[in-house]
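Order of the sequence lines fixes the chain letters, A, B, ..., with proteins taken first and strands second; residue numbering starts at 1 for each chain.
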Number of protein chains: 2
Amino acid sequence: MMPPKNKIEVPDIVVSRLPLYLRALNFLAEEGVETISSAELAQRLGISSAQIRKDLSFFGEFGKQGTGYNVEFLRKKIKEILNLTRIWDVALVGAGDLGHALVHYGGFLGQGFRISLVFDNNPQKIGQEIAGLIIQPASRMKELIRQHGIQIAIIAVPASAAQKVTDELVAAGVRAILNYAPITLKVPPDVHVQYIDPVTRLQHMTYYLK
Amino acid sequence: MMPPKNKIEVPDIVVSRLPLYLRALNFLAEEGVETISSAELAQRLGISSAQIRKDLSFFGEFGKQGTGYNVEFLRKKIKEILNLTRIWDVALVGAGDLGHALVHYGGFLGQGFRISLVFDNNPQKIGQEIAGLIIQPASRMKELIRQHGIQIAIIAVPASAAQKVTDELVAAGVRAILNYAPITLKVPPDVHVQYIDPVTRLQHMTYYLK
DNA sequence: TAGATTGTTAATCGATTAACAATC
DNA sequence: TAGATTGTTAATCGATTAACAATC
């Protein structure tokens, strides 16, 4: 038994793997698996068992020697660590094809996220409904995001508009941004950004093709 | 002047940054900027100038002391390194909301990629047209991908179908997969996979939120 | 020439892994 | 108890950065 490691700074790369562990555990739970060893979990994820044990050890002792990890228990613990014991409301900016696909995507709700505001600046789209949400004018972003106390936003606008949208989101109090626009955003140090760009991912792989 | 570094294995993490450099250079070229220093480029990307110079030095000497890099020249060189001097045909599997958004996305063509085949297994969708492409039955994947000599595929099907689709793509000769399904795929060592999962990215960020 | 910036080296920093005592 | 597997340490491996000679 060790004293709690409250003061140790967890490397971001370790945090980034927790959602993958959680995803695998959700799958195992659905399969009805009750216990799993770090070796089995590692094989499913294509990583080393030592890495899983080391990663988890930043947060506590969740396993049992000789047995492994209880799937439900570890799931619960990782959810707590990632602050996924609540549902996070998310603002979506951009109601184009991608925005529509995101609003209709069924994978968010079960995993802790609900898109609850949608914005666009196209007068043709404003006022229209998608999946039960009225598209709001971009001019009301600050007001509505503040009102809903929203901390997370998804940017699905063209690259040319993304920095302006970002500045407005940050001004509205958003602290985490998932950015689909192919551009590096400037944000204050306390705002987190994750990037999703299929083109750069494809270009990464063509290096290895002939 | 150094001898060419043909035999040095370039770390994958270095390769993964080249598309970001290219993206920034494309932007600079459009702005009409002719020359840029590693320090300026670094600032735009939020990384260190030493990292940019080190990364590029794996592939050659592209800059000029006292001046920096010629934007057009470096752009051309990175395109050559990433095998982006041609257009890559891409097969898309899954014609749901995400599949539609990807087919309609205008960002692929200018960057070296063209979705030229679309598959689905839903009889309602097969035969329908999206953006000039007829949706083909999943049963014809192997045949058509072989016929077109396609090496790159995008998976936009539910997680439950993704591994089966992957196995079929690999059997058809695909060597690079961009996977939107939230599941770790099993592939042979010579097949490259990149993952895009907005949920895990959001869950990564909630760790830092309160 | 003087100033600026590259390409490269070596030091530093950080992440992964092998190994094993502890223990279920 | 014997076997299995964790949690942790220390070694290894790899990536980043500081610094500067070379040189445009």
Side-chain angles (χ1 to χ4, degrees), chain A residues 1-18 20-21 24-25 28 33-75 77-78 81 204, chain B residues 1-18 20-21 24-25 28 33-75 77-78 81 204:
Chain A
M1 198 70 76
M2 289 276 105
K5 299 183 171 179
N6 295 327
K7 296 298 170 52
I8 293 180
E9 176 85 32
V10 179
D12 185 63
I13 196 158
V14 170
V15 177
S16 77
R17 282 189 292 260
L18 296 182
L20 302 177
Y21 301 165
L25 291 165
L28 289 164
V33 176
E34 285 180 9
T35 297
I36 192 158
S37 67
S38 59
E40 285 178 273
L41 191 56
Q43 204 190 8
R44 287 191 176 241
L45 293 166
I47 60 176
S48 77
S49 63
Q51 182 160 80
I52 292 177
R53 294 197 302 277
K54 186 90 168 57
D55 284 355
L56 295 176
S57 76
F58 279 99
F59 304 99
E61 302 184 352
F62 305 132
K64 209 181 266 186
Q65 283 98 328
T67 310
Y69 300 88
N70 178 283
V71 171
E72 277 305 337
F73 179 74
L74 185 55
R75 236 183 129 197
K77 285 298 174 186
I78 294 181
I81 294 163
H204 178 177
Chain B
M1 197 71 74
M2 290 275 106
K5 299 184 174 178
N6 295 326
K7 296 298 170 52
I8 294 181
E9 176 85 32
V10 180
D12 185 63
I13 196 159
V14 171
V15 177
S16 76
R17 282 189 293 259
L18 295 183
L20 302 178
Y21 301 164
L25 291 165
L28 289 163
V33 176
E34 285 180 7
T35 296
I36 191 157
S37 68
S38 59
E40 284 177 275
L41 191 55
Q43 203 189 9
R44 286 190 179 243
L45 292 166
I47 61 177
S48 78
S49 64
Q51 183 161 79
I52 291 176
R53 295 197 302 278
K54 185 89 167 55
D55 284 354
L56 296 176
S57 76
F58 280 99
F59 304 98
E61 302 184 351
F62 305 131
K64 210 180 266 187
Q65 283 97 330
T67 309
Y69 300 88
N70 177 284
V71 171
E72 277 304 339
F73 178 75
L74 186 55
R75 236 183 128 198
K77 285 298 174 186
I78 294 181
I81 294 164
H204 178 177

Next item on the list: Identify all stems in which DNA chain D takes part, counting only runs of at least 3 consecutive pairs (Watson-Crick or G-U wobble, each distance under 3.5 Å), and give each as one range with another, ordered by first number.
Entry: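 Result, WC/G-U stems under 3.5 Å: C:3-24 with D:3-24.
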
Side chains of [X] and [Y] in contact at under 4.5 Å (non-hydrogen atoms):
{"X": "B/Tyr69", "Y": "B/Arg53", "answer": "yes"}
{"X": "B/Leu74", "Y": "B/Ile36", "answer": "no"}
{"X": "B/Arg17", "Y": "B/Ile52", "answer": "no"}
{"X": "B/Leu28", "Y": "B/Arg44", "answer": "yes"}
{"X": "A/Ile47", "Y": "A/Leu20", "answer": "no"}

Interatomic distance, [X] [atom1] vs [N] [atom2] [rounded to whole Å]:
{"X": "A/Arg53", "N": "C/dT23", "atom1": "CZ", "atom2": "C1'", "result": "14 Å"}
{"X": "A/Ile36", "N": "D/dA4", "atom1": "CD1", "atom2": "P", "result": "17 Å"}
{"X": "B/Asn70", "N": "C/dT6", "atom1": "CG", "atom2": "P", "result": "13 Å"}
{"X": "B/Glu61", "N": "D/dT23", "atom1": "CD", "atom2": "P", "result": "10 Å"}
{"X": "A/Phe59", "N": "D/dG7", "atom1": "CZ", "atom2": "P", "result": "13 Å"}
{"X": "A/Leu56", "N": "D/dG7", "atom1": "CG", "atom2": "P", "result": "7 Å"}
{"X": "A/Ile13", "N": "C/dC13", "atom1": "CD1", "atom2": "P", "result": "18 Å"}

Check: Where each residue is assigned the nucleotide of DNA chain C containing its nearest heavy atom, which of A/Arg17 and A/Gln65 is assigned the position nearer the 5′ end?
Finding: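 By nearest-heavy-atom nucleotide position, the 5'-most residue is A/Arg17.
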
Notebook entry, point to check: Between C/dT5, C/dT8, D/dG7, which one does the side chain of B/Ser37 approach most closely?
Noted result: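 Closest nucleotide to the B/Ser37 side chain: C/dT5.
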
Item checked: Residue A/Lys54, side-chain heavy atoms: nucleotide from D/dG7, D/dT9, C/dT8 that is nearest ->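 Between D/dG7, D/dT9, C/dT8, the one nearest the side chain of A/Lys54 would be D/dT9.
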
Notebook entry, point to check: Is there a side-chain polar atom (N or O) of A/Ser38 under 4.0 Å from OP1 or OP2 of D/dT6?
Noted result: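 For D/dT6, OP1 or OP2 has a side-chain N or O of A/Ser38 closer than 4.0 Å.
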
Margin query: When you measure from the side-chain N and O atoms of A/Tyr69 to the phosphate of D/dG7, is any distance below 4.0 Å, counting only OP1 and OP2?
Written below: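 Answer is yes, contact under 4.0 Å.
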
Could you state the interatomic distance from [atom1] ([X]) to [atom2] ([Y]), rounded to the nearest 0.5 Å?
{"X": "A/Ile78", "Y": "A/Asp55", "atom1": "CD1", "atom2": "CG", "value": "9.5 Å"}
{"X": "B/Lys54", "Y": "B/Ser38", "atom1": "NZ", "atom2": "OG", "value": "14.0 Å"}
{"X": "A/Leu45", "Y": "A/Tyr21", "atom1": "CG", "atom2": "OH", "value": "7.0 Å"}
{"X": "A/Ser49", "Y": "A/Glu40", "atom1": "OG", "atom2": "CD", "value": "11.0 Å"}

Next item on the list: Could you list by number each residue of residues 39-52 of chain A showing a heavy-atom separation from DNA chain D of less than 4.0 Å, or answer none if no residue does?
Entry: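 Nucleic-acid contacts, sorted: none.
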
